[in-house]
Amino acid sequence: MATAGIMNGSQLRVQFENESTTPVLVDHLTDLSVSFSTETRDTTTKNNGGYRAILPGLKTLSVTFTAFYAADAANGYEELFADMEAGQKLDVTIASFQQSDDTEIAGDMDIDFKAYCTSLELSAGTEDNASYTATLECVTDPTFTAST
């Protein structure tokens, strides 16, 4: 059953796979940001009365997430690093999951797209949790579907 009311941000998770793997949730996810944007094309002429005129141009979808680093993670830093090094295109899904048992919540919206990992940063402060931040850049039309 779809989530009613305001969604708890902890429900939203990211999973990815490459052509040789099955989808796996990113382990130890702490933060997720999904950003859609549209670039603009300047169409200003002398007829615009001094105001800028624009039309839509290229669209961008990027996903940035942070997770704790764990060497034994099923889907973590090492997998993303290998995919990035190989120039591997990833199948990515942003979806809503139960916090108790990691099952997907039926009826909530999934965002599916193909992407490349374009940025991967490992951070390890003194006596702090090691974490990494990854950016996935979409290269296809995203699809929005209700999960089943």
Side-chain angles (χ1 to χ4, degrees), residues 1-43 52-148:
M1 178 172 186
T3 302
I6 297 171
M7 184 179 287
N8 182 333
S10 294
Q11 289 175 215
L12 290 177
R13 307 276 298 275
V14 61
Q15 61 184 5
F16 64 89
E17 64 178 306
N18 63 35
E19 294 170 351
S20 62
T21 62
T22 56
V24 180
L25 285 170
V26 171
D27 287 337
H28 311 296
L29 187 69
T30 62
D31 190 51
L32 172 65
S33 174
V34 180
S35 178
F36 290 92
S37 63
T38 301
E39 295 176 16
T40 58
R41 299 180 290 132
D42 191 337
T43 58
R52 181 174 168 227
I54 60 170
L55 288 173
L58 294 173
K59 296 178 184 82
T60 303
L61 163 58
S62 64
V63 171
T64 302
F65 64 88
T66 301
F68 290 132
Y69 174 81
D72 61 352
N75 218 8
Y77 180 84
E78 282 88 359
E79 290 74 20
L80 278 172
F81 181 80
D83 290 335
M84 189 175 176
E85 279 287 297
Q88 182 71 50
K89 192 182 302 181
L90 304 172
D91 291 313
V92 181
T93 300
I94 308 297
S96 179
F97 288 84
Q98 296 287 349
Q99 295 176 31
S100 58
D101 61 6
D102 289 342
T103 57
E104 192 168 358
I105 298 173
D108 280 357
M109 190 63 58
D110 286 0
I111 307 170
D112 297 296
F113 56 95
K114 294 191 182 296
Y116 289 104
C117 182
T118 59
S119 175
L120 190 58
E121 178 182 343
L122 181 61
S123 301
T126 303
E127 293 302 314
D128 199 359
N129 296 324
S131 64
Y132 67 95
T133 300
T135 300
L136 307 176
E137 296 286 339
C138 176
V139 295
T140 60
D141 285 343
T143 58
F144 297 82
T145 55
S147 64
T148 54

May I ask you to test the [X]-[Y] pair for a side-chain heavy-atom distance under 4.5 Å?
X	Y	answer
Tyr116	Gln88	no
Leu25	Val14	no
Thr30	Phe68	yes
Thr135	Val63	no

Roughly how far, to the nearest 0.5 Å, is [atom2] of [Y] from [atom1] of [X]?
X	Y	atom1	atom2	result
Asp31	Phe65	CG	CZ	11.0 Å
Leu120	Glu78	CG	CD	9.5 Å
Asp27	Tyr77	CG	OH	16.0 Å
Glu137	Ser35	CD	OG	9.0 Å
Thr140	Lys89	OG1	NZ	7.5 Å
Leu12	Ser33	CG	OG	11.0 Å

Answer yes when Asp102 and Arg13 have at least one side-chain N-carboxylate O distance shorter than 4.0 Å, and no when they do not.
yes
Can you give me the closest heavy-atom contact between [X] and [Y], atom names plus distance?
X	Y	value
Pro142	Cys138	CD-SG, 4.4 Å
Cys117	Met84	O-CG, 3.4 Å
Thr38	Gly57	CG2-N, 3.9 Å
Ala53	Asp42	O-OD1, 3.3 Å

Looking just at side-chain N and O atoms, do Thr66 and Thr133 make a donor-acceptor pair shorter than 3.5 Å?
yes
Does the gap between the ring centers of Tyr132 and Tyr69 come in under 6.0 Å?
no
For Arg52 and Thr40, run side-chain contact (heavy atoms from CB on, under 4.5 Å): C-alpha distance rounded to whole Å, both residues' side-chain angles, the deciding distance at 0.1 Å, then the answer.
CA-CA 11 Å; Arg52 181 174 168 227; Thr40 58; 3.3 Å; yes
Given Leu136 and Thr64, is the side-chain contact (heavy atoms from CB on, under 4.5 Å) satisfied, shown in steps?
CA-CA 6 Å; Leu136 307 176; Thr64 302; over 6 Å; no
Donor-acceptor contacts under 3.5 Å from residues 103-114 side chains, at least two apart:
from   : atom 1 : to     : atom 2 : distance (Å)
Thr103 : OG1    : Asp101 : OD1    : 2.8
Asp108 : OD1    : Thr3   : N      : 2.7
Asp108 : OD1    : Thr3   : OG1    : 3.4
Asp108 : OD2    : Thr3   : OG1    : 2.6
Asp108 : OD2    : Ser96  : OG     : 2.8
Asp112 : OD1    : Thr93  : OG1    : 2.5
Lys114 : NZ     : Asp91  : OD1    : 2.3

Candidate pair Thr60 and Phe36, rule side-chain contact (heavy atoms from CB on, under 4.5 Å), full reasoning:
CA-CA 6 Å; Thr60 303; Phe36 290 92; over 6 Å; no
Donor-acceptor check, side chain of Glu79 to backbone of Gly76, threshold 3.5 angstrom: yes or no?
yes
Can you check whether Pro56's main-chain N or O pairs, donor with acceptor, with Arg41's side chain at less than 3.5 Å?
yes
Please walk me through it: do Ile94 and Leu32 pass side-chain contact (heavy atoms from CB on, under 4.5 Å)?
CA-CA 9 Å; Ile94 308 297; Leu32 172 65; 4.1 Å; yes
